[in-house]
Structures are given as C-alpha cells and as structure tokens.
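A short worksheet on the structure shown next.
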Amino acid sequence: MLYCIMFIKKVSKRNGQTSKSYSYLHLVESVRTEKGPRQKLILNLGCIDLDPSQYKSLAQRIQDILTGEQSFIELPKAVEKIAGRAAGRIFQKRAQDQESAQSRLFENVDIESLEAEHVRSIGPEYVCHSMWKNLMLDEFFLANGMKKETLPVIEALITGRLIDAGSELRLHQWATHESGLYELTGEPLKGGLNSFYLGTDKILQLKDRLEEHLAKKERDLFSLREQYCLFDLTNTYFEGACESNPKATYGRSKEKRSDCKIVTLGLVVDEQGFAKSSNLYSGNISEPQTLESMITDMAKKTSNDKNVQTVIMDAGMSTEENMQWLKDHKYSYITIHRGNAPFKYDFEKMETIRSDEDKGIDISIKRYEHEDELYILCKSRKKEIKEKSMRSRIENLLIERLTYYKAGLKKKGRAKTYSKIMEMIGRLKEKYSKVAKLYTIDVVPEETDGPEMKTVNVKDITWEKNDKYAVEEEREGSYILKTDRTDLSDKEIWDLYIMLRRIEHSFLCMKSHLGLRPNFHSLERRADAHMFISVVAYHIMHAIEH
C-alpha cells in the first residue's frame, strides 16, 4: 500500500501594518501534478513551539494515526499530544468534506409528503383488453345500439372487476386515476361517475343476448363440445335494508350472514368450466324450484342438439319432480340419489378408482343397475374420516348432557321429576337428532301407586347404541350416484360428477376476486346489474385461464 509523504513545513508571515512576524507550522504532503511535484496543505498546526528536529517524527506520527499503523518509537508526551489533536482535526475535516459531497447528490425529504402523479397500470388491462377483442364484445355492444363513445366505460366496468374489484364508485376512481385502460380503448365522451351507473343499467338490459353471444364466441374460439352442463346455486348478502329490492329476503346464507338479506344466483357451466347461463332469484327460494327455468334458459344459449347434453347436479336438486322433468324433456342426468337405495348396501369387492396415500385419498365404487337406471355406490376414505369426526363430536355432546342429567338425579336443586326429565331429553334429541336416533334412551321412574306420572321422580336414565349405529358407522363416507347414462363406465360417471367442483370454483372466484359480495345497492336493477357484471367478468377471466 502506498502512502502520501507528509512533512512539517515552517511558514513565516509578516503583518503589513505592524511589521511583526509570525511563524506557523503547516502539515503538507507532496503530490504529483502535470506541472511537476507540488506541496498540498493538509492542516495548519498553528504557532507551536517545537524543535525542528522533531518535525519528521511528528509528521510520521500523524500519518500513523490516520492510517491505523502502530508506532514502535516512544515520542515525548507533548509531541504525542500534538499528533493526536492534529489527526482528530483531519478526521473531522474529511467527514465534513464527505457530507458536503453527498449533499450535492442527495437532499433530505419527507417521504410522507411525496405524491406520484399520473401513474398508470397497463399490464392486466392489456391482457383483459386482448380477450375483450377476441370475444368481439365491442362489436356486440355496437350492434345492440350502444354508442362508440360509451364503450370505454362498459369495458372499464367489466374488466375492472378482474383487476380492481369494487363498487361503481371504486371502478370510476380506478379507471380515471390509476389505470391505463383508456389508453387502449380511447377516452370516453363522458367519463363521470353517473356514466358508470348508467353503464350498469345498459349491460343488464342486454343480459340474455350478451350471455348468448359469449356462449357462441367461446364455443367457436375453444371448440367446446358442450355435452355436459353443471348446475348449482349460491347466494350472497346485502348491506342495508334493501327495501326497494323484492328479491332481497332473509334466508339460509351460505356465508353465515343470517343478519343480512340475501339473493340467490343460479349458474350453469359446461364441462370445461365456461358459464352458459345465469339467473337471479329471491334469497329464500329453494334449490329444486330453479332447475326448469335455468335449463330452459341454458338451452337457448348453447348448441341445439340437446339430446347429447347431460345435466350434472347435487342432491339438493334431485327431487322426484326435477328428475321427471329431465326425463320428459329427454335430458340425461348424473346426480346424487336421495332416499333409500333400491339395493342392499354391500361394501365387499369394491373397485378402487383413485388412491393417493400421501393425501389420504381412497375412492372405491360398485355398480348396480335397476329399471334402466345405473347406481354407483361410492366410498371415500377422506369423506369417511370427516363424517366420523363430525359424528363423534356430536355424540360426545349428547352423552355429556345425558350424564349430566343422570348425575343431577342425586343432587339437590336439579331436575328429578319424570315430566321434566322427559322434556329435557326430548329437546336433546331434537338438537342432536342425527346422533340421538342411533341410541335407545330410557327414563326409569320410581315405583309408585298413588300420584300421577308427571309428579313421579326419575330413578335412573340409561342409554345404549341401537341397531342403526352399526349401519350408520358402516355407511359413513359413502354416497350413491344415479344416472341414465348406462353407456359410460363407472369411473367416467364418477369423474363427471366430480366436475361439480368446477362450478364451486366459479362461485369462489366471483365471491373472492370478482366483487360479487358484498352488494351495497338498494335498487333491484342496480343490485342485479352488479352481480351480472361479476358473471361477465368471470367469462373473461376463465377464457384467459383456459
């Protein structure tokens, strides 16, 4: 490592007015320039009374301190003190010079006061806009009487649900201040908030034609077969009283919001997950009531050869009336069988069609035929573990309460009369009905000849498992599929039924990503439009994913 050569130089100056001379000691270093060697002042040491023979030692000691070298020569304390003080001043001067240099490059600012202006996102917008063009949605809206200047607002309402889901107020803010969508579509003639509300009304007015257009374009783009349609319902809740919306009623909320009014959304998708038809119903409508209207509406928007279509639905839809309607209109079906099976359960010699030990999956099936219908008995190990756990939990609660009642027969202040105990057990059976039917519960009264039974005390409460317990335990994790598609293999039928998860995925996407919930609109048409826009946004999202 090379070090600069430092030395002490004595400098004399004269006062021009008093002619008095002063001597200073300068710490200098020798540097090489274009004009040859020159001396550079490092530090003015001031007027120091120091023997010239110690100049070299002082300079060397200062340099050692600056470079971190250890000195092996012991210097006089006065010289050591001068060297330490000089080195400290040099360190301080270097730090000030460094701060001065940095201050020319950086300025201290309050980052909380910074605002970015005219920042726009463009990536997601470009992807959605490309699919928008592939589905020819501009052409559809123009052909249905919409002005070209309003198309950017319509596209912002729908694609905005994929990128930044929210209310019309939120979408207006997003499209105006945060998104670069208008750079792709052009600026709308009127981009105010009111234009967004009017845009939702226009989209709802074209609902049936728009779904029919999307179904046709998706079928052409992706060569969809449309041999199977999956049907299911979900509901979503409203914030507010919704007094102007007759569809908003109290019902069984799938999101456990019993405090809010709900509305029901019915959806039909094909085997590839593409939505075909959607309808909105009252929140308290039962599932079986919606099948006919949904299937009829779906048939208008898909291929005309309905004889090749198979309706796949869950147990809630497979009522006798619905099954007869499907048969009368020549629709095939795959569904969960309700009620008693037309055959005896036999879990021996079942065929395993899917197995994964790591995930705990083990699916076994067995085939039965009865009166031109095919029944598939299915047994799932994962479902069995779940149902067993649920039964055990309720069973423990039931036995815990029975044990509590029995112990109370011998304690002061607790119920003991026959009528009261029977009343308490009756309520217990009603609360835990699924497990209570598996037990025989007896209330043993004390022997008496005189008073009426209602005043007689209870001697004992006993309970034991009945014959239904073993049957229930054996059938846990099992279910029966029913279909008229006898041309399909057992595994094909099970695989088709499992496709119902596609529609469950559709609902999940709408609720979690596409702004379906919550719904803040009080007017029926605005609430319906809000939900339908989420369905249209799902069309675009699923097409992109596919």
Side-chain angles (χ1 to χ4, degrees), residues 250-259 284 286-287 314-316 318-319 336-348 350 360-362 364 377-480:
Y250 290 104
R252 184 180 178 184
S253 172
K254 295 190 176 183
E255 291 141 345
K256 311 301 181 185
R257 290 299 303 268
S258 57
D259 59 317
N284 58 3
S286 63
E287 292 186 353
D314 218 331
S318 56
T319 61
I336 289 285
H337 175 67
R338 293 167 51 146
N340 297 325
F343 55 86
K344 184 179 180 180
Y345 280 81
D346 184 6
F347 296 100
E348 298 294 331
M350 298 186 75
I361 296 175
D362 187 1
S364 302
L377 175 62
C378 306
K379 181 87 169 179
S380 167
R381 187 174 69 180
K382 200 169 185 179
K383 181 178 173 66
E384 180 181 2
I385 293 173
K386 179 181 178 181
E387 291 182 355
K388 189 182 294 292
S389 174
M390 294 171 61
R391 173 182 55 77
S392 296
R393 184 181 65 85
I394 299 174
E395 187 176 1
N396 290 336
L397 292 173
L398 174 67
I399 295 176
E400 180 183 340
R401 296 309 298 173
L402 289 172
T403 304
Y404 176 79
Y405 295 159
K406 183 174 181 177
L409 299 177
K410 299 180 180 180
K411 293 184 179 181
K412 186 178 180 180
R414 297 272 291 276
K416 297 179 179 62
T417 62
Y418 183 84
S419 59
K420 186 62 178 179
I421 294 295
M422 290 298 294
E423 179 184 345
M424 292 162 57
I425 291 179
R427 291 175 180 174
L428 200 62
K429 287 181 176 181
E430 182 180 4
K431 184 176 183 180
Y432 303 123
S433 58
K434 290 185 178 181
V435 173
K437 66 181 181 182
L438 307 180
Y439 280 83
T440 300
I441 303 173
D442 291 324
V443 179
V444 182
E446 294 180 350
E447 295 181 2
T448 179
D449 296 330
E452 297 180 1
M453 182 63 72
K454 64 179 181 179
T455 61
V456 174
N457 288 341
V458 173
K459 180 180 179 181
D460 195 12
I461 302 174
T462 63
W463 59 90
E464 61 179 356
K465 299 174 183 177
N466 56 31
D467 296 339
K468 296 180 181 178
Y469 192 96
V471 175
E472 185 76 14
E473 194 173 29
E474 183 186 29
R475 293 183 182 182
E476 283 175 344
S478 67
Y479 53 94
I480 301 173

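One is the number of the first residue; the rest follow in order along the sequence. Side chains included, hydrogens not; waters and symmetry mates left out as well; all remaining heavy atoms used.
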Working to the nearest 0.5 Å, report the span between [atom1] of [X] and [atom2] of [Y].
X      : Y      : atom1 : atom2 : answer
Lys383 : Ser478 : NZ    : OG    : 8.0 Å
Lys382 : Asp362 : NZ    : CG    : 12.0 Å
Glu473 : Glu384 : CD    : CD    : 8.5 Å

Ignoring hydrogens, what is the shortest heavy-atom contact between [X] and [Y]? Give both atom names and the distance.
X      : Y      : value
Ser258 : Ser253 : N-CB, 4.4 Å
Arg475 : Lys379 : C-NZ, 4.1 Å
Val456 : Glu446 : CG1-O, 3.4 Å
Leu377 : Asp346 : CD2-O, 3.7 Å

Return all side-chain donor-acceptor pairs below 3.5 angstrom for residues 396-414, not counting sequence neighbours, or 'none' if the list is empty.
| residue | atom | partner | partner atom | Å |
| --- | --- | --- | --- | --- |
| Asn396 | ND2 | Ser392 | O | 3.1 |
| Thr403 | OG1 | Ile399 | O | 2.7 |
| Arg414 | NH2 | Tyr404 | O | 2.6 |

Asp442: side chain to side chain donor-acceptor pair (under 3.5 Å) partners, not counting sequence neighbours: none
Assess whether atom NZ of Lys388 is packed by more than 12 heavy atoms of other residues, nucleotides or ligands within 6.0 Å.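 Above 12, so yes.
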Pair up each side-chain donor or acceptor in residues 421-432 with any protein partner under 3.5 Å, not counting sequence neighbours, and list the distances.
| residue | atom | partner | partner atom | Å |
| --- | --- | --- | --- | --- |
| Glu423 | OE2 | Arg427 | NH2 | 2.6 |

Pairs flagged by side chain to side chain donor-acceptor pair (under 3.5 Å) wherever residues 463-472 is involved - sequence neighbours left out: Arg391-Tyr469, Glu395-Tyr469
List for me each residue that meets side-chain contact (heavy atoms from CB on, under 4.5 Å) alongside Asp259, sequence neighbours excluded, and say none if there are none. Arg257
Applying side-chain contact (heavy atoms from CB on, under 4.5 Å), can you list everything that pairs with Lys386, at least two apart in sequence or on another chain?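 With sequence neighbours excluded, Lys386 shows a side-chain contact (heavy atoms from CB on, under 4.5 Å) to Met390, given in chain and number order.
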Using modelled atom types and a 3.5 Å cut-off, is there a donor and acceptor pairing between side-chain atoms of Asp314 and backbone atoms of Gly316?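 Not a single qualifying donor-acceptor pair exists.
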Does the Ser318 side chain pair with the main chain of Ile336, one donor and one acceptor, at a distance under 3.5 Å? yes
So do Glu474 and Phe347 actually touch side chain to side chain, heavy atoms under 4.5 Å?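 In contact.
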